[in-house]
Amino acid sequence: MLSVFLACEDPYATADFFTGGLGWRQVFATPRDSADRLACVALGDAQVMLGTDDEEFLPAASREHRGAGVTVYVNLPGTVDIAAVHARHSAAGVVTVPLAVREWGERAFDARIAGYRFLIAQDGTVGGMSSTVTADDVEAAVRLAVDVLKEAPEGAWDGRAGTLEWTCWETVEHLSDDLFAYAAQLGARPKDREVPFLWEARRPGGPANVTYADRAAGPRGLLEVLAACGAMLAALVRTTPSDVRAHHVFGASDPEGFAAMGIVETLVHTHDLAQGLGLAWDPPAGLCAKVLARLFPDAPRDTDPWPTLLWATGRGDLPGRPRVTTWRWNGAPRVSGGGS
């Protein structure tokens, strides 16, 4: 793996600026009295090494040209809010251009930091079509949900989940079952029906599931079931060829479509749960934007993605737009996805 080393007058002070001023995270730093004065900072999945500009590493004749012709490219995953990253950099006075959408759909901005040019980017949308929704996105959504739900009060699980008729416990079981069922569809690949598991409700008005959590295992066990079902869907999305089609009641879809469906289920049902459990839930805008573009192509693109997703699924209002009372997503594969 190629590591980027940037020569700095003081790598530790520069690292402090990256982390304290710009919101990057510090990976490590050698002792300040070390002969090898290094610090490593990261943003998203990108790591940058900060070294000294001693004569040994940056000759005097090169100092006035430091950073010339060099661009450090940082690609942010969909779980990171690039608008918030841009705002932090702008507030620190380092942004050279506004956040913009490039012609192939990538959202990006330039930043000049420590004498070097950074291009900080994130896959975006083109003509209402998002960059590919991936198994990593499924894992990220479920992980975020589990982390939030771990904070639920012990005795709150039998209360209603938001406006749903189900309890919070039942809603997690339903969400887990959705993820399990999508994985099953991709595994068996029926063209005109669901895989014939036996779905049963445990009480009148309760969700009809295949999977249920052992109540004796408590909330921790319940969330393990959710994590496991999310991992199953992510594994099937990751290993299923993109030209595979499988049945869904809203129309046949491909692995990316089922990934997006699982993420929407996770995001909006965690919203329902957060209301019932008294928790805060504000998922990343980039993740919301991806699934909106993939499954709700007619949704507005000039509004914040999370409130827009809640609006599109009948859970919230958008100024100047009527409340959604009935809804469904469009899981049809993209034309460019291969096959028909």
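Numbering starts at 1 and runs along the sequence shown. The analysis underlying the following values was restricted to heavy atoms, covering all of them including side chains, and did not include hydrogens, waters or symmetry mates.
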Enter the distance from [X]:[atom1] to [Y]:[atom2] here, rounded to the nearest 0.5 Å.
X	Y	atom1	atom2	value
Tyr116	Cys8	OH	SG	6.0 Å
His248	Arg328	NE2	CZ	9.0 Å
Leu273	Leu279	CG	CG	8.5 Å
Leu222	Tyr212	CG	OH	13.0 Å
Asp272	His174	CG	NE2	9.0 Å
Leu6	Leu50	CG	CG	6.0 Å

What I'd like to find out is whether the side chain of [X] reaches to under 4.5 Å of the side chain of [Y], using heavy atoms alone.
X	Y	value
Phe250	Asn330	no
Thr211	Glu173	no
Thr266	Leu179	yes
Phe5	Leu38	yes
Asp10	Arg37	yes
Leu277	Trp157	yes
Val142	Ile263	no
Thr240	Phe258	no

* Asked: side chain to side chain contact (heavy atoms under 4.5 Å, CB included) between Thr171 and Leu164: does it pass, once the steps are laid out?
  -> CA-CA 8 Å; Thr171 301; Leu164 302 182; 3.8 Å; yes

Looking at [X] and [Y], would you say the former's side chain and the latter's main chain have a donor-acceptor pair under 3.5 Å?
X	Y	value
Arg315	His271	no
His247	Pro190	no
Thr313	Leu309	yes
Gln26	Val41	no
Thr303	Thr308	no
Arg160	Glu165	no
Ser253	Gly331	yes
Trp166	Gly205	yes
Thr134	Asp137	yes
Asp304	Trp306	no

Would you check if there is a donor-acceptor pair between the side chains of [Y] and [X] at a distance under 3.5 Å?
X	Y	value
Thr71	Arg117	yes
Tyr12	Thr52	no
His89	Trp24	yes

Least distance between heavy atoms, [X] atom then [Y] atom:
X	Y	value
Val138	Gly230	CG1-O, 3.9 Å
Ala246	Arg189	CB-CA, 4.1 Å
Ala108	Ala121	CB-CB, 3.8 Å
Gly257	Leu295	O-CD2, 4.3 Å
Ala83	Leu99	CA-CD2, 3.9 Å
Ala135	Ala234	CB-O, 3.3 Å

Please tell me whether [X] and [Y] are part of a single hydrophobic cluster in this structure, the criterion being side-chain heavy atoms less than 4.5 Å apart.
X	Y	answer
Val268	Leu318	yes
Leu233	Phe180	no
Val210	Val249	no
Tyr182	Trp199	no
Leu149	Leu144	yes

Does a side-chain N-to-carboxylate-O contact under 4.0 Å join [X] and [Y]?
X	Y	value
Glu139	Arg238	yes
Arg32	Asp16	yes
Asp254	Arg294	yes
Glu170	Arg202	no
Asp136	Arg143	no

* Ring centroid separation for His269 and Trp281, is it under 6.0 angstrom? ->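 No, too far apart.
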
* Asked: Looking at Phe118 versus Phe109, is the centre-to-centre ring distance below 6.0 Å?
  ->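 Ring centres of Phe109 and Phe118 not closer than 6.0 Å.
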
* To do: Kindly indicate, with the supporting measurements, whether the criterion side chain to side chain contact (heavy atoms under 4.5 Å, CB included) is fulfilled by Glu256 and Val237.
  => CA-CA 7 Å; Glu256 183 195 5; Val237 170; over 6 Å; no

* Should the pair Arg323 and Trp311 be classed as cation-pi, given the thresholds of under 6.0 Å to the six-membered ring centre and 45° from the axis? ->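 Judged by the rule (NZ or CZ under 6.0 Å from the ring centre, within 45° of its axis), Arg323 is not positioned above Trp311.
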
* **More than 12 heavy atoms of other groups within 6.0 Å of Arg220 CZ** =>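 Not buried by this count: 12 neighbours or fewer within 6.0 Å.
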
* To do: Decide salt bridge (charged side-chain N to carboxylate O under 4.0 Å, His left out) for Asp81 and Arg88; before the verdict, give the C-alpha distance in whole Å, the side-chain angles of both, and the deciding distance to 0.1 Å.
  => CA-CA 11 Å; Asp81 184 350; Arg88 285 198 301 269; over 6 Å; no

